[in-house]
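For the numbers below, each heavy atom of this structure counts, side chains included, while hydrogens, waters and symmetry mates do not.
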Amino acid sequence: MLVPDPKVVRRLLTRYASLQIARAERVGLAAVTRELEDISYTLCVLMGTEGVREAIARADALLASGASGASGASGVSEASGAHGKTGVSTAVRFSPVSPGINTEVCEGA
């Protein structure tokens with residue numbers, strides 16, 4: 001089974017959280033909203049889900065499991081399994097979602 005590279009997942013989650021903050025602060029709203037939609041879609045595809053909430057939950061579980069392995073250019077690892085806790089807390093937790101962001105379905109997924 002292919003498993004996403006935890007480094008890629010962590011980077012996407014961090015960017016997602018940063019964009020949610022920027023959107024809440026209404027900084028560059030149009031560009032932030034567009035990038036947030038792109039990141040949400042990417043998380044859904046990478047985690048194999050139809051909704052961003054489920055993608056975030058799976059990403060959190062992946063990082064909590066300490067899954068690791070060699071990854072190729074795609075950012076996906078062929079090795080999976082728990083190799084102990086990483087001790088790193090993920091950057092995203094469920095919180096109120098900004099209006100206008102579809103959190104249930106990742107279109108095109």
Verify, without hydrogens or angle tests, whether R58 (side chain) and G48 (backbone) share a donor-acceptor contact under 3.5 angstrom. yes
Among side-chain atoms of Q20 and Y16, is any donor-acceptor pair under 3.5 angstrom? yes
Between the side chain of S65 and the main-chain N/O of L62, is any donor-acceptor distance below 3.5 Å? yes
Test item: L13 and L43 side chains (from C-beta on) under 4.5 Å apart, heavy atoms: yes
So, taking the atom named OG1 in T42 and the one named CD in E37, what distance separates them when rounded to the nearest 0.5 Å? 11.5 Å
From R34 CZ over to I39 CD1, what is the distance, rounded to the nearest 0.5 angstrom? 13.5 Å
Identify the heavy atoms of P4 and L46 that sit nearest to each other, and give their distance. CG-O, 3.4 Å
Tell me the closest heavy-atom pair linking V52 and C44, and the distance in Å. N-SG, 3.6 Å
